[in-house]
Amino acid sequence: MELSTSVCVKAGLFSHPSSLTCPKDILKFSIITTQSRRNWRSRTSLLRISELQRPQKSIVLAMATGKLQEALPPVLDSTSEPPSIFDGTTRLYICYKCPFAQRVWIARNYKGLQDTIKLVPIDLQNRPSWYKEKVYPKNKVPSLEHNNEVRGESLDLIKYINENFEGLPLLPDVDIAYAPFIERYEPFLADVWKYDIAAGRPKLASWIEEINKIEAYIQTKNDPKVLVEGYKQRYEEISLSTVLSWLLQENSKRKEFTEAVD
């Protein structure tokens, strides 16, 4: 079955958000805001969905390179020693839980570059100081160390990898950039709101089914239960922070009022 590009758009997954009062609007807002600041439609080089619908080719390539099941390196934190930076090794600095880093990780896998680009996972909650000081001053992931330079921004890195490394081509229109976000919002909205994002959207349902057949993507997936719990905790912290901020503001207003009256 052929799926058109920008499946999420054509399936009616999102349009212009006007509120955040229901799960559908939350999903709309989340996807739009992650993309709008990058003007990604004109700049990005993403994986074409027609290419992604041929998983057997990438699986054969992975088997040939002995990387069908890649042994993932341990996460580096503030106690970890830095790698031998700028020693000629090409490194992709990521966080296993970061959706932006996951985009580039998928691209790297899909092109069969497991032996060419070494993964260096970073603990974003306890980052090593050397990462900001010696590798990437912006101190975020993903970043790519290649030819004695370090580059960042996920969509730019997908384009860079496509143009500077051998392997299956990544073409200029498409939907793989959504995969890490759909992977997160689908279980979260199902758990918290009992909302099925694929209900009534056959193209999106087919897209999700097909993407989960791609070995290059499967190797990057997170446990959905862990993702859901992480988002729940994050939103709880945001809620508590918002309430605290409001209370402090109200207390300040009351104090000013009392002093004015006295």
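Just so we're clear, the structure is a prediction, and the values are computed from it rather than from any experiment.
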Rounded distance [0.5 Å steps], [atom1] in [X] versus [atom2] in [Y]:
{"X": "D77", "Y": "D123", "atom1": "CG", "atom2": "CG", "answer": "5.5 Å"}
{"X": "Y110", "Y": "E215", "atom1": "OH", "atom2": "CD", "answer": "12.5 Å"}
{"X": "L113", "Y": "N164", "atom1": "CG", "atom2": "CG", "answer": "11.0 Å"}
{"X": "K203", "Y": "E210", "atom1": "NZ", "atom2": "CD", "answer": "14.5 Å"}
{"X": "R127", "Y": "L76", "atom1": "CZ", "atom2": "CG", "answer": "13.5 Å"}
{"X": "S154", "Y": "K140", "atom1": "OG", "atom2": "NZ", "answer": "9.0 Å"}

- Message: Assess, by modelled atom type and distance only, whether the side chains of Y96 and T220 contain a donor and an acceptor separated by less than 3.5 Å.
- Response: no
With a 4.5 Å cut-off on side-chain heavy-atom distances among I, L, V, M, F, W and Y, is there a chain of contacts connecting [X] to [Y]?
{"X": "I158", "Y": "I117", "answer": "yes"}
{"X": "F86", "Y": "Y160", "answer": "no"}
{"X": "W105", "Y": "V226", "answer": "no"}
{"X": "Y136", "Y": "I85", "answer": "yes"}
{"X": "L119", "Y": "V135", "answer": "no"}

- What are the two closest heavy atoms between I122 and P128, and how far apart are they? CG2-CD, 3.8 Å
- Note on the structure: Note: I211 and Y217 closest approach over all heavy atoms is O-CD2, 3.2 Å
- Return the set of residues passing salt bridge (Lys or Arg N to Asp or Glu O under 4.0 Å) with R91 (not counting sequence neighbours), or none when no residue passes. D87, E145
- Message: Show, in sequence, the C-alpha distance, side-chain angles and deciding distance for R151 and E149, and conclude whether the salt bridge (charged side-chain N to carboxylate O under 4.0 Å, His left out) test is met.
- Response: CA-CA 7 Å; R151 298 168 174 82; E149 294 182 1; 2.7 Å; yes
- Walk me through it: do V150 and L144 pass the test side-chain contact (heavy atoms from CB on, under 4.5 Å)? CA-CA 5 Å; V150 177; L144 182 72; over 6 Å; no
Between [X] (side chain only) and [Y] (backbone N and O only), is there a donor and an acceptor less than 3.5 Å apart?
{"X": "N212", "Y": "I208", "answer": "yes"}
{"X": "W130", "Y": "P83", "answer": "no"}
{"X": "D196", "Y": "A198", "answer": "yes"}
{"X": "K111", "Y": "L168", "answer": "yes"}
{"X": "N109", "Y": "A216", "answer": "yes"}
{"X": "R103", "Y": "F100", "answer": "no"}
{"X": "D191", "Y": "P187", "answer": "no"}

- Message: Taking CD in E163 as the centre, count heavy atoms belonging to other residues, nucleotides or ligands within less than 6.0 Å. Is the count above 12?
- Response: yes
- Message: If the test is side-chain contact (heavy atoms from CB on, under 4.5 Å), which one of R108, K118, H146 qualifies with T90?
- Response: H146
- So which pairs with a foot in residues 222-231 pass salt bridge (Lys or Arg N to Asp or Glu O under 4.0 Å), sequence neighbours left out? E229-K232
- Message: For Y93 and Y131, take the angle between the two ring planes, folded into 0 to 90°, and tell me which bin it lands in: parallel under 30, tilted 30 to 60, perpendicular over 60.
- Response: tilted
- Do the non-hydrogen side-chain atoms of I94 and V104 ever get within less than 4.5 Å of each other? no
- Validation row: S78, S129 side chains within 4.5 angstrom (heavy atoms): no
- Message: Please evaluate residues K159 and E153 with respect to the criterion salt bridge (charged side-chain N to carboxylate O under 4.0 Å, His left out), reporting the C-alpha separation (whole Å), side-chain torsions for both, the decisive distance (0.1 Å), and the verdict.
- Response: CA-CA 10 Å; K159 182 177 180 180; E153 301 299 336; over 6 Å; no
- Show the numbers, then the answer: is there a side-chain contact (heavy atoms from CB on, under 4.5 Å) between L124 and C95? CA-CA 7 Å; L124 296 183; C95 170; 3.8 Å; yes
